[in-house]
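Comments concern the structure below.
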There are 2 protein chains.
Amino acid sequence: MKCGPPWLRTKFVSAGYRWTLPRQVILDVLQKSSGHLSAEDIYFAVHKRYPAIGLTTVYRTLDLLVQMGLVFKFDFGDGRARYESIKKGKGQKHHHHLICTGCGRVIDYTDFIDEEIELLNLTEKELSKKYNFKILNHIIQFYGLCDKCK
Amino acid sequence: MKCGPPWLRTKFVSAGYRWTLPRQVILDVLQKSSGHLSAEDIYFAVHKRYPAIGLTTVYRTLDLLVQMGLVFKFDFGDGRARYESIKKGKGQKHHHHLICTGCGRVIDYTDFIDEEIELLNLTEKELSKKYNFKILNHIIQFYGLCDKCK
DNA sequence: CTAACTGCAAATTCTTTGCATTAGT
DNA sequence: ACTAATGCAAAGAATTTGCAGTTAG
């Protein structure tokens, strides 16, 4: 892990933020991981490489990254926030979630059916127009019972 | 507020639960309110009518109602859970959410719901089959910036 | 040099738990 | 009567804040 792509550094500096080691490492962890990490997950991964980086910094950095639009924060309803890089590394795709309310298992799926994509396009377009809203992301989660729990 | 519809009482009793005052009041508050209440909101509303009912009971009752499939729990990412009755009172419709990540404003929308619902049904059917999952509910949230924040 | 950033410890906030009491059935 | 349900106070877990020391620009 060096310094990441130059445009990232520029993005930070030109916004008046500093391109610090913790920020580089946290972004790197997020981009390399396979999604929905909790703050603690990120802290462990980061801490393994740089034990001097503390949990507080992880939280503060994540807030900043979310605010800058580089990272997306969401929630499965288990009382802890999850974070995911918006720019995915190779092999990572946008996905939706199937969440078992019985055992808490989360299934990611990326094989959206045509109807689902159509749904999203239609809705995003209509909503943007009607509410003058710039839509950046969405969460689609289906809740139910998995094969073991039902 | 009396005792609610008789089928509700039956549902509780036949599952081995008791049809208690706090449960009646909490369900009533949820059905009459316009959606996404936090536990504290519910506590205040309930407490106004029956000051003897405590916050702990509100949490425990909400867990039960969620588990019984009468209430849905979700999260806007602000660190507190929200609850909504699945059976809506008159004037209330199923809706999805548009959330501004800038100011935290939440817009409910019920427009385009018909098309969305149809596409959702297809999606749910496919997913159920593919993952052998019994889908009970869904969350659809669009995140972005509202007119003031963008 | 100086303002942004950091780590630590303490504080907050939301939610859950232990336990003695109350109340449906 | 029997046991689920309740309220209170205390505990727990996730996240935030105050502050003094550190570091990028």
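The analysis underlying the following values was restricted to heavy atoms, covering all of them including side chains, and did not include hydrogens, waters or symmetry mates. Here is the naming used below: chain letters follow the sequence lines, and residue numbers restart at 1 for every chain. Given the structure is predicted, the values throughout are model-derived calculations rather than measurements.
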Sorted by chain and residue number, the side chain to side chain contact (heavy atoms under 4.5 Å, CB included) partners of B:Ala39 (sequence neighbours excluded) come out as B:Tyr59, B:Leu62, B:Tyr83
Which residues pass the side chain to side chain donor-acceptor pair (under 3.5 Å) test with B:Glu126, sequence neighbours left out?
none
Hey, what are the protein-to-nucleotides 18-21 of chain D N/O distances that come in under 3.5 Å?
none

Taking only residues two or more places apart in sequence or in another chain, which ones pass side chain to side chain donor-acceptor pair (under 3.5 Å) with A:Asp147?
A:Arg105
Provide a list of protein-nucleic acid N or O atom pairs under 3.5 angstrom, restricted to nucleotides 12-14 of chain C.
| from | atom 1 | to | atom 2 | distance (Å) |
| --- | --- | --- | --- | --- |
| C:dC14 | OP1 | B:Arg80 | NE | 3.4 |
| C:dC14 | OP1 | B:Arg80 | NH1 | 3.3 |
| C:dC14 | OP1 | B:Arg80 | NH2 | 2.1 |

Residues clustered with A:Leu136, ILVMFWY side-chain links under 4.5 angstrom:
B:Leu145
Report, one pair per line, the protein and nucleotides 22-25 of chain D atoms (nitrogen or oxygen only) whose separation is under 3.5 Å.
| from | atom 1 | to | atom 2 | distance (Å) |
| --- | --- | --- | --- | --- |
| D:dA24 | N3 | A:Arg18 | NH1 | 3.2 |
| D:dG25 | OP1 | A:Trp19 | N | 3.4 |
| D:dG25 | OP2 | A:Arg9 | NH2 | 3.0 |

Any residue meeting side chain to side chain contact (heavy atoms under 4.5 Å, CB included) with A:Phe44, in chain and number order, not counting sequence neighbours:
A:Glu40
Checking one residue: A:Ile86. Which other hydrophobic residues are in its cluster under the side-chain 4.5 Å linking rule?
A:Phe72, A:Phe74, A:Phe76, A:Ile99, A:Val106, A:Ile139, A:Tyr143, B:Phe72, B:Phe74, B:Phe76, B:Ile86, B:Ile99, B:Val106, B:Ile139, B:Tyr143
Checking B:His94 now: which residues fulfil ring pair (Phe, Tyr, Trp, His ring centres under 6.0 Å) with it, not counting sequence neighbours?
B:His96, B:His138
Side chain to side chain contact (heavy atoms under 4.5 Å, CB included) against A:Lys93, all qualifying residues, sequence neighbours excluded
A:Thr110
Among all residues two or more places apart in sequence or in another chain, which pass the side chain to side chain donor-acceptor pair (under 3.5 Å) test with B:Thr56?
none
